[in-house]
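Here the structure comes first, spelled out in structure tokens, and everything after it is commentary.
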Protein chains: 2
Amino acid sequence: MPRPKQRTPVLRDQVLDVALDLLAREGAAGFSTRAIAREASTSTPAVYELFGNRAGLLRAVFFAGFRRLAERLAARPESDDPRADLLALADDYRAFLVAHPELAGVMFSRPFADFSPGPEESQAGADVRDLVVARVRRAIDARILRGDATDIAHAYVSLIQGLAAAENARRLGTSKASVDRRWRVAVEALLDGLR
Amino acid sequence: MPRPKQRTPVLRDQVLDVALDLLAREGAAGFSTRAIAREASTSTPAVYELFGNRAGLLRAVFFAGFRRLAERLAARPESDDPRADLLALADDYRAFLVAHPELAGVMFSRPFADFSPGPEESQAGADVRDLVVARVRRAIDARILRGDATDIAHAYVSLIQGLAAAENARRLGTSKASVDRRWRVAVEALLDGLR
DNA sequence: ACCGTTTCGTAACAGTGTTACGATATCTCC
DNA sequence: GGAGATATCGTAACACTGTTACGAAACGGT
């Protein structure tokens, strides 16, 4: 009997897209509920009904980021060279984080005081984690690496994220050549050191 | 002829101490100019005269963080084992970042939208950088590592910061044993892989 | 044509960073 | 000692933020 609802899951997706776009365009500073509501042609109470609060919206951005990263990593098919596949994984991971620095911040730093991922949110990265562990395990099976697959995956991902954070902060070098070289030195050394 | 100035460098140091303390106690959320002014028994305009704006205050926190980290790293004397010294450096680095997670955020993540270190601020980490490069160079001279000292130092620091970020976000493992093991696996593998 | 209900968005609240400006405290001079 | 000049201080305002109460509006059913 009342008017038909507009604050549906469809609108939720639209608002989320706007939020991702706005974050990429204007960074953390422009990420206000008013700006998002305006760009999505709706009102702030709609955003609050759909996401609870700004932290909920950031949570959704966080999950979307991991979904996209997992897609990106899965897009590259496995070859018959497990080591090359791990190097390619690092390349893809790096490319994603550098192409979406603000999104990377939400995923791995905490650019917003009101959202910090807890145990609840650790499930978001499950697909990415599984994919990395699988590629590491293949390398172990091929006798290219030695050790526990999960431990090695953590080491590898930590190195990649550390390098990407440094690159995004322009801390890793001034020229593209030096940045590329330091990525290569670090990633290859870690793999070599794992036997 | 007017009243004597209170907003002196002495007050500046006091305000900075309060800011560091408040950041450590309440995190990014509690870091407001009003709260800092109140705890320092002064007014917000005083904070603005001393630091320009909140970004300036964060800049001062950023520099203070690097000063403390450099002190912490320099406190450990060099031994006659360059490899052990590099492992100890990683331990000290880790201990500092884990003991001061919010400060580490200001230094290496960007928890505040209004301050992000640019080329101007890269000088802050000079002492730390020099210290790491020096220890790496010693290891190269001792034939324990091979390659360019600066490249290796970047790789090593990136790995340490990536691991520390993961540990602070409780992403590296659930038990202390597994976290410690992953640190060990990663750091030793990188050193081993650099010959 | 009206009514009841539900959904909507305006407008308010408390808090933030920032600053204009009037109040204040001190030194100097008489 | 008192009065004035003046630099310094902090209150109070502004524009903005996240968040929500509540009155206005729109629809289906009678």
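Chain naming here is simple, since letters A, B, ... match the order of the sequence lines and numbering starts at 1 in each. What you see is a predicted model; the values in this text were computed from it and never measured. Any value given below was found using the heavy atoms of this structure, including those in side chains, with hydrogens, waters and symmetry copies removed.
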For this session: Give me the residues of residues 5-15 of chain B where at least one heavy atom lies under 4.0 Å from an atom of DNA chain D, by number, or none.
Result: B:K5, B:Q6, B:R7
Seminar exercise, completed: 5' to 3', nucleotides 13-24 of chain C under a 4.0 Å protein heavy-atom cut-off (B base, S sugar-phosphate only, - none) gives ---BBBB----B
Problem set entry | Salt-bridge contact A:K5-A:E49 (side-chain N to carboxylate O under 4.0 Å) | yes
For this session: Please name all residues satisfying side-chain contact (heavy atoms from CB on, under 4.5 Å) with A:R184, sequence neighbours left out, ordered by chain then number.
Result: A:R181, A:E188
For this session: For A:D180, check side-chain contact (heavy atoms from CB on, under 4.5 Å) against everything at least two apart and list the hits.
Result: A:R94, A:K176
For this session: Take the C1' atoms of the five end pairs on each side of the helix from C:dA1-D:dT30 to C:dC30-D:dG1, derive the two axes, and give their angle rounded to 10 degrees.
Result: 30°
Exercise. Is B:S158 reaching over with its side chain to a backbone N or O of B:A155, donor-acceptor style, under 3.5 angstrom?
Worked result: no
Would you be so kind as to tabulate the donor-acceptor pairs closer than 3.5 Å made by side chains of residues 96-115 of chain A, with sequence neighbours excluded?
residue : atom : partner : partner atom : Å
A:H100  : ND1  : A:F96   : O            : 3.2
A:D114  : OD1  : A:R54   : NH2          : 3.4
A:D114  : OD2  : A:R54   : NE           : 3.0
A:D114  : OD2  : A:R54   : NH2          : 3.3

Between side-chain atoms of residues 55-76 of chain A and protein atoms elsewhere (two or more places apart, or another chain), which donor-acceptor pairs fall under 3.5 Å?
residue : atom : partner : partner atom : Å
A:R59   : NH1  : A:E121  : OE2          : 2.5
A:R76   : NE   : A:D92   : OD2          : 2.8
A:R76   : NH2  : A:D92   : OD1          : 3.0

Exercise. A:D17 and A:D21: side chain to side chain contact (heavy atoms under 4.5 Å, CB included), yes or no, with the steps?
Worked result: CA-CA 6 Å; A:D17 280 344; A:D21 187 58; over 6 Å; no
Exercise. Residues two or more places apart in sequence or in another chain: which of them pass salt bridge (charged side-chain N to carboxylate O under 4.0 Å, His left out) with A:D192?
Worked result: A:R83
Problem set entry | DNA chain D contacts among residues 20-27 of chain B, heavy-atom distance under 4.0 Å | none
Exercise. So, B:E167 and B:R182, do they make that salt bridge, N to O below 4.0 Å?
Worked result: no
Exercise. With B:D85, which residues qualify under salt bridge (charged side-chain N to carboxylate O under 4.0 Å, His left out), at least two apart?
Worked result: B:R138
Exercise. By side-chain contact (heavy atoms from CB on, under 4.5 Å), which residues pair with A:V157, not counting sequence neighbours?
Worked result: A:Y93, A:V132, A:Q161
Identify all side-chain donor-acceptor contacts of residues 28-48 of chain A below 3.5 Å with residues at least two apart in sequence or on another chain.
residue : atom : partner : partner atom : Å
A:S32   : OG   : A:A35   : N            : 3.1
A:E39   : OE1  : A:R25   : NH2          : 2.8
A:E39   : OE2  : A:R25   : NH2          : 3.1

